Visitor: 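The following block contains the structure, expressed as structure tokens.
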Amino acid sequence: MENKVKSIGVLTSGGDAPGMNAAIRAVVRTAMSRGVKVYGVMRGYNGLIDGDIVELNLRSVSDIIHRGGTVLYTARSPMFKTEEGMKMAVDTCKRLGIGGIAVIGGDGSFRGASELTKNGINCIGIPGTIDNDIAATEYTIGYDTAMNTAVEMVDKLRDTTQSHDRCSVVEVMGRHAGYLALESGIAVGATAILVPEIEYDFQKDIIDKIRNTQHAGKKHFIIVVAEGVGGVEELAKKIEEETGIESRATILGHVQRGGRPTVRDRDMASRMGYHAANLLCDGIGNRIVSYRSGKIVDDDIYEALAMKKPFDFDGYKIADTISI
Ligand code: ADP
Ligand code: F6P
């Protein structure tokens, strides 16, 4: 299709996620393959406001596909939510002739992207967050790497938990969502998994569970708790008081946001970046790129943000059944 723009921008916004660099690379190289100039906007929407923008070329995105973090840096920009901030951002785009922007981030960043589109600058969202909490897409860039990091960490914890016949209560990230906790919990063979989507009963879901597995011969226990449930220190204390089993709490924290992206994250990011850049070059905006039923698709931002993501209750039941 004929290009509708001469230049586009790319930015990363909100929490970073492994694989964002691969998405930046794909956006740059796809647009350039169509003869479209690409600008890198530094530190999310702040770069648009401050005019902190660099022109990228094929070599500026060399040697980044395998690196965690984001070479464009990222930020949360309260100023961008103001009328004044928005005006400054639009003025920067007009001054540089930026006809569209690929926004790599989470749902907050997509709200910003739809506001910018309303103000005349076409934006396409690319889902990048370790939380996998964007309803329109079955997959968000960074999720697989974060899960693998969490699993690697809990595997290490298991060694010491086992040596001491202890119980480890581990908090994994995910903001308000339990996807990261559930899948990594299944993968580490957790005795119990607590997620914000399912209310839990301390006696039935933790103490009885520990007792039952103890009767079945288990001597150490891993309880995976989503950040949205929280309270791991208190929980560990209560478990120890109730069962007499020495318990320790561990918060994995931001280590889950770093590291070399896995194959899945590099692959998804490359495909999504390619799709987004083509939409922008075609003069299309206000859409989010998604992965659904094995395909890369795109949806209207407002419709996508209104969607509800179903929780994997089957996965939860499976974990509960086989954790004995
Ligand atoms: P994430 O993209 O990871 O969900 P945030 O929710 O922190 O991260 O949002 C990232 C940035 O997106 C915010 O700092 C702000 O600049 C922008 N943003 C979020 N909501 C809006 C909005 N309603 N209008 C304009 N900008 C927004
Ligand atoms: O959205 C990604 C995420 O890592 C969440 O899992 C977590 O709640 C949040 O960001 C932490 O944000 P910050 O980097 O501001 O501490």
Side-chain angles (χ1 to χ4, degrees), residues 10-20 23 41-50 52 68-70 72-90 92-93 101-121 123-137 140-147 149-150 153 170-184 195-197 224-232 251-259 265 286 288-289 301-302 304-306 309:
V10 55
L11 61 82
T12 48
S13 166
D16 64 350
M20 280 184 165
V41 180
M42 307 305 287
R43 298 181 172 81
Y45 294 115
N46 283 339
L48 285 181
I49 294 170
D50 307 336
D52 190 3
T70 157
L72 294 178
Y73 296 78
T74 186
R76 298 196 164 97
S77 171
M79 176 83 175
F80 187 68
K81 288 187 170 178
T82 67
E83 213 174 298
E84 192 196 347
M86 177 59 70
K87 190 180 169 314
M88 288 167 82
V90 172
T92 304
C93 293
I101 299 186
V103 174
I104 308 167
D107 54 1
S109 302
F110 296 160
R111 282 196 182 86
S114 73
E115 287 304 311
L116 193 53
T117 308
K118 261 195 226 160
N119 282 274
I121 311 297
C123 290
I124 299 290
I126 300 176
T129 162
I130 64 161
D131 303 334
N132 201 23
D133 60 348
I134 295 170
T137 184
T140 61
I141 297 164
Y143 181 54
D144 190 57
T145 307
M147 275 192 300
T149 301
M153 295 297 133
V170 195
E171 181 187 298
V172 303
M173 273 190 169
R175 204 182 293 248
H176 307 300
Y179 308 106
L180 193 52
L182 178 62
E183 279 203 68
S184 49
V195 290
E197 291 83 354
V224 170
V225 181
E227 175 188 14
V229 174
V232 285
I251 297 176
L252 296 185
H254 287 79
V255 69
Q256 295 159 98
R257 285 243 295 264
D265 280 323
N286 209 48
I288 294 178
V289 176
I301 292 191
Y302 302 115
L305 290 175
K309 192 162 198 163

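Just follow the structure's listing: the first ligand is 1, and inside any ligand the first atom is 1. In this text, all values refer to a predicted model and were calculated from it rather than measured experimentally.
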Visitor: Decide whether the shortest distance between a heavy atom of D107 and an atom of ligand 1 is less than 4.0 Å.
Guide: yes
Visitor: Hey, is the main chain of I134 close enough, under 3.5 Å, to the side chain of K309 for a donor-acceptor pair?
Guide: yes
Visitor: For the 3.5 Å polar cut-off, considering only N or O atoms, please tell me whether G106 and ligand 1 meet it.
Guide: yes
Visitor: Between E227 and G174, is there a donor-acceptor pair closer than 3.5 Å when you use the side chain of the first and the backbone of the second?
Guide: yes
Visitor: Measure the spacing between OG1 of T74 and CZ of R43 and express it to the nearest 0.5 Å.
Guide: 10.0 Å
Visitor: Answer yes if the side chains of E197 and Y179 hold a donor-acceptor pair under 3.5 Å, and no otherwise.
Guide: no
Visitor: Does ligand 2 have an atom that lies less than 4.0 angstrom from a heavy atom of G174?
Guide: yes
Visitor: In terms of residue, atom name and distance, what is the protein heavy atom nearest to atom 4 (O) of ligand 1?
Guide: G108 N, 3.0 Å
Visitor: Keeping the roles fixed (side chain from T82, backbone from G85), state whether a donor-acceptor pair exists under 3.5 Å.
Guide: yes
Visitor: Test side chain to side chain contact (heavy atoms under 4.5 Å, CB included) on I101 and L11 and set out the steps.
Guide: CA-CA 7 Å; I101 299 186; L11 61 82; 4.0 Å; yes
Visitor: Looking only at protein heavy atoms, which one is nearest to atom 11 (C) of ligand 2, and what is the separation?
Guide: R257 NH1, 3.6 Å
Visitor: What residue and heavy atom of the protein are closest to atom 15 (O) of ligand 2, and at what distance?
Guide: R76 NH1, 2.7 Å
Visitor: Identify, by atom number and element, the atoms of ligand 2 in contact range of M173, meaning under 4.0 Å from any of its heavy atoms.
Guide: 4 (O), 6 (O)
Visitor: Does ligand 2 have a heavy atom under 4.0 Å from the side chain of Q256, from its backbone, from both, or from neither?
Guide: neither
Visitor: Considering non-hydrogen atoms of the protein only, which is the closest contact for atom 2 (O) of ligand 1, and what is the distance?
Guide: S109 OG, 2.5 Å
Visitor: Any idea which heavy atoms bring I104 and G128 closest together, and the distance?
Guide: CG2-CA, 4.5 Å
Visitor: Is E115 salt-bridged to K118, going by a charged N under 4.0 Å from an acidic O?
Guide: yes
Visitor: Within 45 degrees of the axis of the six-membered ring of Y45 and under 6.0 Å from its centre: does K81 put its NZ or CZ there?
Guide: no
Visitor: Go through ligand 1 atom by atom and flag the ones less than 4.0 Å from a non-hydrogen atom of G15.
Guide: 3 (O)
Visitor: Could you check atom 7 (O) of ligand 1 against the protein and tell me its nearest heavy-atom contact, residue, atom and distance included?
Guide: R76 NE, 2.8 Å
Visitor: Considering only non-hydrogen protein atoms, determine which one is nearest to atom 25 (C) of ligand 1 and report residue, atom name and distance to 0.1 Å.
Guide: G112 CA, 3.6 Å
Visitor: What protein heavy atom is closest to atom 22 (C) of ligand 1, reported as residue, atom name and distance in Å?
Guide: R111 CB, 4.0 Å
Visitor: Give a yes or no answer on whether the side chain of T117 reaches the backbone of C123 with a donor-acceptor pair at less than 3.5 Å.
Guide: yes
Visitor: Between A75, G14, G128, S77, which one has a non-hydrogen atom sitting closest to atom 16 (O) of ligand 1?
Guide: S77
Visitor: What protein heavy atom sits nearest atom 1 (O) of ligand 2, and how far away is it?
Guide: D131 OD2, 2.6 Å
Visitor: Provide the closest heavy-atom pair for P18 versus G258 in the form atom of the first, atom of the second, distance.
Guide: CG-O, 3.7 Å
Visitor: Is there any N or O on I130 that sits under 3.5 Å from an N or O of ligand 2?
Guide: no
Visitor: Say whether S114 and N286, considering side chains only, have a donor N or O and an acceptor N or O under 3.5 Å apart.
Guide: no
Visitor: Just which atoms of ligand 1 are under 4.0 Å from any heavy atom in S13?
Guide: 10 (C), 11 (C)
Visitor: Regarding D16 and T70, do their side chains bring together a donor and an acceptor under 3.5 Å, going by distance alone?
Guide: no
Visitor: Would you mind checking which non-hydrogen protein atom is closest to atom 13 (P) of ligand 2, with the distance to 0.1 Å?
Guide: H254 NE2, 3.5 Å
Visitor: What do you reckon, does E115 have a nitrogen or oxygen under 3.5 Å from a nitrogen or oxygen of ligand 1?
Guide: no
Visitor: Going by distance only, is there an N or O of Y45 that falls short of 3.5 Å from an N or O of ligand 1?
Guide: no
Visitor: Give the residue and atom name of whichever protein heavy atom lies nearest to atom 21 (C) of ligand 1, and the separation in Å to one decimal.
Guide: K81 CE, 3.5 Å
Visitor: How far is atom 8 (O) of ligand 2 from its nearest protein heavy atom, and which residue and atom is that?
Guide: E227 OE2, 2.8 Å
